[in-house]
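As structure tokens, the structure follows; a few thoughts come after it.
The analysis underlying the following values was restricted to heavy atoms, covering all of them including side chains, and did not include hydrogens, waters or symmetry mates. In this chain, numbering begins with 1 at the start of the sequence shown.
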Amino acid sequence: MDATGTILPLAYAVVDSENDASWKWFFEQFKHAYGERPNICVVSDCNEKSLNAVTKDTRELPIVELLEYMRTLLERWTNEKLLKVKGTFTYLGFKFNKELDDNRTLSHKLRVRASTDYIHTILDGVRRYIVCLENKRCSFGQFQLDELPCPHALAALRHMDESYEQYCSPYYTRESLFRTYEIPVNLLPDESK
């Protein structure tokens, strides 16, 4: 996923048929290019529009035309994302900025008791949560899982009069999103090559 929370295509392949041998070959090539990557979304597992769904009507095209179609499709998607990034003026990408705003709203009803500069007890009615800002952890578990301050962490940060930026994953930032989509989709060589 990119910093907007949408699927970012990293690779695609044209194969004779979708079978175990093709998938094995694809993942070997992917591993060679990118190394081991946990939580990779395989197109057949994705809920968003996948390359398979978008290109189903083009599968009978000659290979060069199919590859050019794929290239222009990815180029168009990249350009659309880049335009959105240029129109984003928040520290985080849209999805994560909204999530942070929602968490901030929830954090205002919480009470905070500081134990040390970095460890806080957060009271939510009768429930208690421990937040360690130094380790970016919350006993609720959302802070370390999402790598984005949860309502409990934001309450502790507000208590400390500290900003949230250093507690967010750098992958969620506008800067990261811009770097993702500034890489051009390379043109195909002439058909004779």
Side-chain angles (χ1 to χ4, degrees), residues 1-15 22-23 25-59 61 63-104 136 142-150 153-154 157 162-193:
M1 288 180 29
D2 66 16
T4 66
T6 59
I7 293 171
L8 169 68
L10 296 177
Y12 67 91
V14 177
V15 294
S22 295
W23 278 111
W25 174 84
F26 177 80
F27 284 117
E28 286 171 354
Q29 301 307 308
F30 188 90
K31 184 179 174 184
H32 179 70
Y34 292 101
E36 287 287 345
R37 297 283 187 230
N39 301 320
I40 288 294
C41 178
V42 177
V43 288
S44 59
D45 296 337
C46 296
N47 290 329
E48 296 194 27
K49 64 181 178 184
S50 69
L51 288 177
N52 274 347
V54 173
T55 60
K56 71 179 180 161
D57 295 334
T58 64
R59 293 186 185 157
L61 290 174
I63 188 69
V64 173
E65 289 179 39
L66 175 61
L67 291 173
E68 180 59 16
Y69 176 84
M70 294 294 292
R71 189 199 67 74
T72 57
L73 176 67
L74 293 173
E75 182 178 64
R76 188 179 79 236
W77 285 354
T78 299
N79 284 330
E80 288 170 2
K81 294 283 188 165
L82 193 55
L83 285 173
K84 283 184 182 179
V85 173
K86 290 178 178 179
T88 301
F89 300 101
T90 55
Y91 177 72
L92 301 176
F94 175 77
K95 176 185 189 260
F96 297 102
N97 194 64
K98 182 180 179 340
E99 192 172 325
L100 189 72
D101 283 345
D102 292 347
N103 287 349
R104 190 177 293 117
K136 300 178 184 177
Q142 184 180 350
F143 189 13
Q144 55 272 26
L145 180 66
D146 294 345
E147 296 185 53
L148 188 75
C150 64
L154 287 168
L157 288 168
E162 200 169 326
S163 180
Y164 66 88
E165 284 91 350
Q166 72 181 28
Y167 297 94
C168 298
S169 170
Y171 298 112
Y172 300 154
T173 64
R174 178 188 183 274
E175 179 185 330
S176 174
L177 190 57
F178 186 77
R179 284 195 321 264
T180 299
Y181 291 104
E182 72 181 353
I183 299 169
V185 176
N186 294 322
L187 298 173
L188 289 175
D190 182 77
E191 185 174 343
S192 65
K193 297 180 181 179

_Give me the atom names and distance for the closest heavy-atom approach of Tyr167 to Pro149._
O-CD, 3.6 Å

_Glu80 and Lys84 ion-paired at < 4.0 Å_ = no

*Is the shortest distance from a Lys or Arg side-chain nitrogen in Glu68 or Arg71 to a carboxylate oxygen in the other one below 4.0 Å?*
yes

_Results of side chain to side chain contact (heavy atoms under 4.5 Å, CB included) for Leu83 - residues two or more places apart only_ = none

*Please report the shortest heavy-atom distance between Arg179 and Glu182, naming the atom on each side.*
O-CG, 3.5 Å

*Do other residues, nucleotides or ligands put more than 12 heavy atoms under 6.0 Å from Tyr164 OH?*
yes

*If only atom types and distance count, is the side chain of Lys136 paired as donor or acceptor with the main-chain N or O of Ala153 below 3.5 Å?*
no

*Taking all heavy atoms of Leu67 and all of Tyr12, pick out the closest pair and write down the distance.*
O-OH, 4.0 Å

_Test item: Ser176 side-chain N/O and Tyr172 main-chain N/O as donor-acceptor pair under 3.5 Å_ = no

*Can you label the angle between the Phe27 ring and the Phe30 ring as parallel, tilted or perpendicular, going by 30° and 60°?*
perpendicular

*asked:* Measuring from atom OH of Tyr181 to atom CH2 of Trp77, what distance do you get when rounded to the nearest 0.5 angstrom?
replied: 10.0 Å

*asked:* Using every non-hydrogen atom in the two residues, find where Leu66 and Leu61 come nearest and quote the distance to one decimal.
replied: N-CB, 4.1 Å

*Nearest heavy-atom pair of Leu148 and Leu92: which atoms, and what distance?*
CD1-CD1, 3.8 Å

*asked:* Taking atom OH as the centre, does Tyr91 end up with more than 12 heavy-atom neighbours from other residues, nucleotides or ligands that are less than 6.0 angstrom away?
replied: yes

*Could you give the distance from SG (Cys150) to CG (Asp102), rounded to the nearest 0.5 Å?*
13.5 Å

_All salt bridge (Lys or Arg N to Asp or Glu O under 4.0 Å) counterparts of Asp101, not counting sequence neighbours_ = Arg104

*Is the closest side-chain heavy-atom distance between Arg174 and Thr90 below 4.5 Å?*
no

*Sequence-distant partners of Phe143, ring-ring contact (aromatic ring centres under 6.0 Å, His included), two or more places apart*: none

*Side-chain heavy atoms of Asp146 within contact of Glu99, under 4.5 Å*: yes

